[in-house]
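Input: a single structure, listed below in structure tokens.
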Amino acid sequence: RMLRPAPRTVLTNDYYDELALAQKLSTSDMERISFAEPGAKIDRRFGTINMNDYKEYYDSNSSFEQKDIWGQPDKWNLLPLSDP
């Protein structure tokens with residue numbers, strides 16, 4: 001992963017967390033944040049935000065969203081370390 005300075009670092013569990021933020025934040029907001037894995041040892045005093053503190057869980061709409069055996073949307077093929 002590339003390292004870059006940012007006023008805020010968001011600890012995310014997976015690409016879906018990053019996608020959720022990208023859909024809600026403006027381009028200028030996205031330019032001011034960086035992503036890291038939850039295991040990163042970055043203290044909150046350095047501007048770290050943990051996505052798990054703000055998540056609201058909802059059930060998938062089973063009328064059209066099928067899940068795979070891991071509970072993720074079926075047929076979504078994400079490549080490791082890919083940049084969308």
Review point. If you take all heavy atoms of Pro38 and Thr12, which pair is closest and at what distance?
Key: CD-O, 3.0 Å
Study note, to complete from the structure: Arg32 and Ala6 have their tightest heavy-atom pair at O-CB, 3.6 Å
Check your understanding: Met51, Ile42: one ILVMFWY side-chain cluster at the under-4.5 Å cut-off?
Key -> no
Exercise for review: Report the distance from atom NZ of Lys24 to atom CE of Met30, rounding to the nearest 0.5 Å.
Suggested key: 13.5 Å
Check your understanding: Any donor and acceptor pair, going by atom type alone, linking the side chain of Asp14 with main-chain N or O of Asp17 inside 3.5 Å?
Key -> yes
Check your understanding: Roughly how far, to the nearest 0.5 Å, is the CG atom of Asn13 from the CG atom of Asn52?
Key -> 4.5 Å
Review point. Is there a side-chain contact between Ile33 and Ile49 (heavy atoms, below 4.5 Å)?
Key: no
Point to revise | Donor-acceptor contact below 3.5 Å, side chain Thr9 vs main chain Ser34 | key: no
